[in-house]
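A quick write-up on the structure given underneath.
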Amino acid sequence: MNQELYIYNTLSRNKELFKPLSAPHVGMYVCGPTVYGDPHLGHARPAITFDVVFRYLQHLGYKVRYVRNITDVGHLEYDADEGEDKIAKKARLEQLEPMEVAQYYTNRYHDAMDALGVKRPSIEPHASGHIMEQIELVQKILDAGYAYESNGSVYFDVRKYHDDTHRYGQLSGRVIDEMLSTTRDLDGQNEKRETADFALWKKASPEHIMRWNSPWSVGFPGWHTECTAMGTKYLGETFDIHGGGMDLMFPHHESEIAQQCAVTGHGPCKYWMHNNMITINGQKMGKSLGNFITLEEFFTGQHEKLEQAYSPMTIRFFILQAHYRSTVDFSNEALQAAEKGMQRLLQSYKTLKGLAPSKNSSVDVSGYRQLCYDAMNDDFNTPIVISHFFDIAKVVNTVNDRKATLTQADIDELRSLYDSFLFDILGLRDEAAGNNTQIVDGLMQMILDVRAQAKANKDWATSDKIRDALSALGIAVKDGKEGATWEMR
RNA sequence: GGUCGUUUGGCCGAGGGGCUAGGCACAGGUCUGCAAAACCUGCUACUCCGGUUCAAAUCCGGAAGCGACCUCCA
């Protein structure tokens, strides 16, 4: 914790020194997935972004409680029949229980996130499991006078709230009066006093399957209530970090602030963090654009836009090569570049482990550790951390080529840097490593010995046959000064 | 239409008043039986138009492109 971490706070639009409310404890809440479809790239970005935040805070010695919710109630499908719940609709079509659908996609989400090396949060609460808490929140807002009931539904009174606190719009930079004067003819708005008012509790229409009893009607909670209710329950009235995608800034997070302020007089958290969006070939990802690619399709390469499969770690590395507040554009060319770059770093780590130490170091490696910290401390600048590792990789390879030397202490220091920053904090792992058993290692060593013997005899036909056959199996043979090494591709 | 953000070399992307980002691709070289890998060298860019400044990719103003959001629901 002796590092000074600066975090860009959306609320102030500035980088601010991170000071936890009650160190060493840190509370972090991140908006999780709506489980009504297969996880796609849009799920990977925030998950990986805040995974790195989670990992880095832990690395710094903080005790972090990381809460990421599962939204499993009340969603509508695009252009679906009015009032029909997304999950309920799908459930009916497939003759499944709504919760069965939610569970299925929750499992799919977990599988994809595990593959991406995203750590599970400390608590992963389901909206459907916290209906009581949400009803209590709505009641508190009603009691405070910032909500009204209308035809069995309850709405937040944005006008009154803003007149009293002047806070509505502070996060998203929206001007309330313009919004209140916006005229937009939409269905179901006649229940609301102002178009800007948002639902806290919604009376269920007859076709709704997911519904709960409440003091106002049989219905379901408004979208914004789950995060406020669950955040408060598990992290307290005020916690340190609230994260999510930029697309959630308005209205979701703005409304969360309003709900919490209405009840407690202050917002839910100290630092608001927002990750930017992802585009594919410069375009927004959308089902109608034909570039909607699920994570599984990336992993298997089974999509017409993909030239090849991209492993989970390639996706993770690629996302981390851009800063989380920048948009990141996926293309085959960019992903292939990331894949090669990552291989280079992972290979250099293996090379490092086999490096012969010298009595003196001809390169000064003492500065890299703080450079990596500096990058992370500057609002989690992972691309800079990665660029330092490319420098380190060059040092390692140069030493391996006998053009530079390192002492054992310096080799150990570099190993420690890889372990800390590349693997623990950035969460990368060598996907090829680990599935090699001792038997495979032994067999490979024997094969390479045979090939070395053939080479010594200038029997190129045999040595090339071995190399080609291994290559066909996805194993690359690399000849070096110390003999050949191999690598799974 | 409104608000906010963004625009960097063949591609991806950091940086953000004067100082090489980095990766990938490409070209030449070293090494090698050949290839790959590794190393060396080259390719050195900031959308456009004005302005401020000794100095602008970086600050200010404007334009254009792109993107998000603009509350039915989540």
Side-chain angles (χ1 to χ4, degrees), chain A residues 13 31 34 36 71-80 82-87 127 155-156 158 169 172-175 178-179 182 184-189 191-192 194-199 202 220-224 226 245-252 254-255 274 276-277 279 282-284 317-318 321-323 325-345 347-348 351 375 378 381-391 393-394 396-398 400-404 455 458-460 463-464 467-468 471 476-481 484-485 487:
Chain A
R13 314 228 167 223
C31 293
T34 300
Y36 69 91
T71 298
D72 57 356
V73 297
H75 285 257
L76 277 180
E77 209 134 35
Y78 299 121
D79 307 319
E82 183 188 332
E84 195 160 2
D85 188 299
K86 274 178 186 167
I87 289 172
Y155 292 96
F156 192 90
V158 171
S172 54
R174 259 153 237 267
V175 181
E178 284 179 7
M179 285 166 41
T182 303
R184 236 179 139 193
D185 232 357
L186 293 163
D187 292 333
Q189 297 218 123
E191 288 181 356
K192 303 202 286 189
E194 299 269 4
T195 53
D197 293 348
F198 56 89
K202 192 84 174 155
F220 53 95
W223 170 32
H224 316 301
E226 64 177 274
M246 262 180 193
D247 52 333
L248 297 176
M249 212 157 82
F250 187 88
H252 183 51
E254 197 70 70
S255 301
H274 291 96
N276 215 318
M277 312 313 286
T279 56
Q283 274 189 312
K284 175 190 177 182
F317 186 79
F318 181 66
Q321 256 194 315
H323 188 261
R325 284 191 287 112
S326 298
T327 55
V328 63
D329 187 53
F330 274 70
S331 62
N332 281 290
E333 200 175 0
L335 282 166
Q336 284 158 17
E339 184 177 47
K340 289 201 174 179
M342 181 176 68
Q343 285 305 325
R344 183 176 159 84
L345 292 189
Q347 182 54 44
S348 72
T351 304
D378 185 14
N381 200 329
T382 55
I384 294 293
V385 175
I386 289 173
S387 77
H388 292 320
F389 272 93
F390 280 112
D391 291 344
K394 187 164 284 190
V396 169
N397 288 329
T398 304
N400 192 46
D401 274 5
R402 303 291 164 82
K403 289 171 182 161
K455 285 183 65 164
K458 297 198 188 295
D459 178 4
W460 311 127
S463 71
D464 286 355
R467 185 174 66 194
D468 294 345
S471 177
V477 175
K478 298 176 186 178
D479 289 325
K481 290 200 167 94
T485 56
E487 183 181 338

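Sequence lines set the chain letters: A, B, ... in the order given, protein chains first and strands last, and positions in each chain run from 1. Owing to the predicted nature of the structure, the values given are computational and were not obtained by experimental measurement.
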Checking A/D464 now: which residues fulfil salt bridge (charged side-chain N to carboxylate O under 4.0 Å, His left out) with it, not counting sequence neighbours?
A/R467
Quick one: on RNA chain B, does A/T279 or A/Q347 contact a more 5' nucleotide (nearest heavy atom)?
A/Q347
Nearest whole Å is fine: how far is B/C73 P from A/D197 CG?
11 Å
Polar atom pairs between nucleotides 15-20 of chain B and protein, under 3.5 Å, N or O only, would you list them?
from  : atom 1 : to     : atom 2 : distance (Å)
B/G15 : OP1    : A/N381 : ND2    : 2.9

Any N or O donor-acceptor pair under 3.5 Å from the base of B/C34 to the side chain of A/R467?
yes
Below 3.5 Å between N/O atoms, which protein atoms pair up with nucleotides 22-29 of chain B? Just atom names and distances, please.
from  : atom 1 : to     : atom 2 : distance (Å)
B/A25 : OP1    : A/K340 : NZ     : 2.6

Looking at A/D479 and B/A36, is any side-chain donor or acceptor paired with a base atom of the opposite kind under 3.5 Å?
no
Are the side chains of A/F389 and A/K394 in contact, using a 4.5 Å heavy-atom criterion?
no
Side chain of A/V328: nearest nucleotide among B/C39, B/A36, B/G13?
B/G13
Between B/C46 and B/G18, how many Å separate the two P atoms, rounded to a whole number?
16 Å
Quote, to the nearest angstrom, the P distance that separates B/A25 from B/C11.
15 Å
Any residue meeting side chain to side chain donor-acceptor pair (under 3.5 Å) with A/T351, in chain and number order, not counting sequence neighbours:
none
Just call it for A/F318: base, sugar-phosphate, or nothing, with non-hydrogen atoms closer than 4.0 Å on any strand.
sugar-phosphate
Is there a side-chain contact between A/V73 and A/F220 in this structure, where contact means two heavy atoms from C-beta onward sitting under 4.5 Å apart?
no
Which ranges of RNA chain B pair up as stems, where a stem means three or more consecutive Watson-Crick or G-U pairs with both distances under 3.5 Å?
B:1-7 with B:64-70, B:10-12 with B:22-24, B:26-30 with B:38-42, B:47-51 with B:59-63
Heavy-atom nearest nucleotide on RNA chain B taken for A/A322 and for A/F198; more 5' hit belongs to A/A322
Minimum-distance nucleotide (side-chain atoms of A/D401 versus B/A14, B/G33, B/C39):
B/C39
For A/E339, give me all partners under side-chain contact (heavy atoms from CB on, under 4.5 Å), at least two apart in sequence or on another chain.
A/Q308, A/T314
Where the side chain of A/K192 is concerned, which of B/A14, B/C73, B/C39 is the nearest nucleotide?
B/C73
For A/R344, check salt bridge (charged side-chain N to carboxylate O under 4.0 Å, His left out) against everything at least two apart and list the hits.
none
Partner residues of A/F318 under the ring-ring contact (aromatic ring centres under 6.0 Å, His included) criterion, sequence neighbours left out
A/F330
Phosphate OP1/OP2 of B/C39: any A/N397 side-chain N/O under 4.0 Å:
yes
So for A/D329 and B/G13, does any side-chain atom that can act as donor or acceptor lie under 3.5 Å from a complementary atom in the base?
no
Going by side-chain contact (heavy atoms from CB on, under 4.5 Å), name the residues that satisfy it together with A/S331, two or more places apart in sequence or in a different chain.
A/N281, A/E333, A/A334
Under the ring-ring contact (aromatic ring centres under 6.0 Å, His included) test, residues paired with A/H252 that sit two or more places apart
A/W223, A/H224
Tell me if a side-chain donor or acceptor on A/N397 pairs with a main-chain N or O of A/A393 at a distance below 3.5 Å.
yes
Under the salt bridge (charged side-chain N to carboxylate O under 4.0 Å, His left out) rule, collect the residues that match up with A/D329, sequence neighbours excluded.
none
Kindly point out which of B/A37, B/C34, B/C73 is positioned nearest to the side chain of A/F220?
B/C73
Where the side chain of A/D247 is concerned, which of B/A38, B/C69, B/A14 is the nearest nucleotide?
B/C69
Results of side-chain contact (heavy atoms from CB on, under 4.5 Å) for A/A337 - residues two or more places apart only
none
